[in-house]
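Structure, as structure tokens:
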Amino acid sequence: MYDDVKNIEKLFSLDDKELLALADETRRKYLGDGVYLRGIIEFSNICDKRCAYCGISADNTLLERYHLSSEEILKAAGHIASCGIKTVVLQSGETDSLDDDWLARIIKEIKSSCDMAVTVSVGEKSFETYKKWKDAGADRYLLKIETTDPEIYSGLHPGMSLENRKRCLSDLKMLGYETGSGTLVGLPGQTVRHIAADIKYFNDNGFEMIGTGPFIPHKNTPLQDAKAGDVALVLRTIAVTRIVMKTVNMPATTAIGSMDRDFRDEALKWGANVLMPNFTPVPYKRLYEIYPGKRCISEPAGACAGCMEHLTEGAGRFIDWSRGGSARNEK
Ligand code: 5AD
Ligand code: FES
């Protein structure tokens, strides 16, 4: 039924009440009321890429760059484990200067010292590099496609190609990673049809995780004057993704928590089932500024963990402290 973009697009024509009810019912039926937690460590903001929307783009020469040492990363991972959280996300900008073997050693060390799933999110790499990290014990990988529309994609990503990004996602699936992708909602020129096509691509490829957030303009980027993504459309996109992909794991993203108010509780109601508390150490946290107004940057590392219960309960849910691997593979 959802192998046709038109049928996905039709879901967007439901009114808010219908869409919310259908997404909420689907989420409850396939996943229950539990919300999984993923502790994220943004270990470096060094980036070679020049994505037009992104505040840590190589073109933003005003930004101070940082890179955590392996000791700092392991300490933050230990902090996540001590909070009872069973997934660590290692995220950074995308750079050829990243030492693959160094990251492999960190993955191995975390896997041997903590009972945690490791998710890596460092951009486009070769099959061999992805294999090295998988062999080191990595469980999951996040690489958003951002948009599947070739024209919008090429306009925003100088020197990059949609084909290579798709190749990366297919390599990750082939290597047995639980694979996450996602869309930036509200990119200039993007329509609901484009978003429906993104969701079809995610469903066709069987990704286990989908992160959907609003585009938020950053002043030191070419898109500084563009309009921010519309929260209502982000929530509707999450809902449609839930209805189409059923068991997929979907975060209420930090970006959706960074709008004029924190909409993460709403995202949980519209189909999301994951929260990602930030464990990046304080001196660095504010430098991982992919978009402005990012929430929690002045709170101590891990402060978000304390807010999670409040957020989930506010949405009528509870925290599920298990690893929260994909239910998609068990269907
Ligand atoms: N607004 C919202 N999200 C952004 N990202 C990058 N720049 C922005 C922005 N200006 C998101 C991208 C990327 C993730 C790490 O951050 O979707 O995949
Ligand atoms: Fe980050 Fe509350 S969610 S400090």
Side-chain angles (χ1 to χ4, degrees), residues 38 40-60 63 89-95 98 119-125 140-149 152-153 155-158 160 162 164-166 168-169 172 179-190 194-195 198 201-202 207 209-231 233-235 237-238 241 250-260 262-264 267 274 276 278 280 285 287-297:
R38 325 292 197 199
I40 181 162
I41 307 169
E42 296 146 340
F43 69 85
S44 166
N45 67 353
I46 298 170
C47 196
D48 302 343
K49 301 292 165 178
R50 302 166 50 228
C51 305
Y53 45 78
C54 188
I56 69 166
S57 152
D59 283 342
N60 184 2
L63 182 67
V89 181
L90 302 174
Q91 189 175 81
S92 72
E94 179 178 326
T95 175
L98 176 69
T119 304
V120 181
S121 179
V122 301
E124 297 180 18
K125 299 285 167 181
R140 308 178 189 145
Y141 202 99
L142 303 177
L143 182 69
K144 290 200 199 178
I145 198 93
E146 319 294 358
T147 174
T148 55
D149 182 72
I152 301 177
Y153 190 92
L156 296 173
H157 300 103
M160 293 169 70
L162 187 57
N164 192 53
R165 209 159 183 86
K166 288 184 172 172
C168 289
L169 285 160
L172 291 162
T179 306
S181 195
T183 300
L184 262 180
V185 170
L187 292 170
Q190 187 188 46
H194 293 132
I195 297 174
D198 295 346
Y201 167 74
F202 300 148
F207 298 134
M209 305 173 281
I210 297 298
T212 300
F215 155 66
I216 305 174
H218 186 293
K219 66 176 184 312
N220 300 334
T221 66
L223 293 187
Q224 57 184 336
D225 296 324
K227 226 174 100 234
D230 172 31
V231 187
L233 183 56
V234 175
L235 295 173
T237 302
I238 293 173
T241 310
M250 287 198 293
T253 57
T254 306
I256 208 170
S258 305
M259 308 295 286
D260 30 310
D262 181 352
F263 284 96
R264 286 178 299 176
V274 171
M276 300 180 72
N278 191 321
T280 308
K285 229 179 181 185
L287 298 174
Y288 202 78
E289 200 198 41
I290 38 192
Y291 47 81
K294 196 165 158 228
R295 61 166 306 107
C296 317
I297 47 171

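The shown structure was predicted, so the numbers you read here are calculated from the model rather than taken from an experiment. Computed from heavy atoms alone, side chains included, the values below leave out hydrogens, waters and symmetry copies. Order of listing sets the numbers, starting from 1, for every ligand and every atom in it.
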What does the 4.0 Å heavy-atom contact list look like for ligand 1?
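These residues qualify: Y53, C54, K144, E146, L184, P214, F215, I216, I290, Y291.
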
If you round to the nearest 0.5 Å, how far is CD1 of I216 from CG of L223?
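Nearest 0.5 Å value for the CG-CD1 distance: 13.0 Å.
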
Nearest 0.5 Å, what's the CG-NE2 distance between L187 and H194?
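Reported value, rounded in 0.5 Å steps: 10.5 Å.
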
Do we see a donor-acceptor contact under 3.5 Å between the side chains of H218 and Q224?
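No, Q224 and H218 have no side-chain donor paired with an acceptor closer than 3.5 Å.
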
Thinking salt bridges, do K49 and E124 make one under a 4.0 Å N-O criterion?
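Judged by the 4.0 Å cut-off on N to carboxylate O distance, K49 and E124 do not form a salt bridge.
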
Less than 4.0 angstrom from a charged side-chain N to a carboxylate O is my criterion; do E289 and K219 meet it?
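Here E289 does not pair with K219 in a salt bridge, since their nearest N and O are not under 4.0 Å apart.
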
Could you list all the salt bridge (charged side-chain N to carboxylate O under 4.0 Å, His left out) pairs where at least one residue sits in residues 209-218, not counting sequence neighbours?
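Checked against salt bridge (charged side-chain N to carboxylate O under 4.0 Å, His left out) - neighbours excluded - no pair reaches residues 209-218.
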
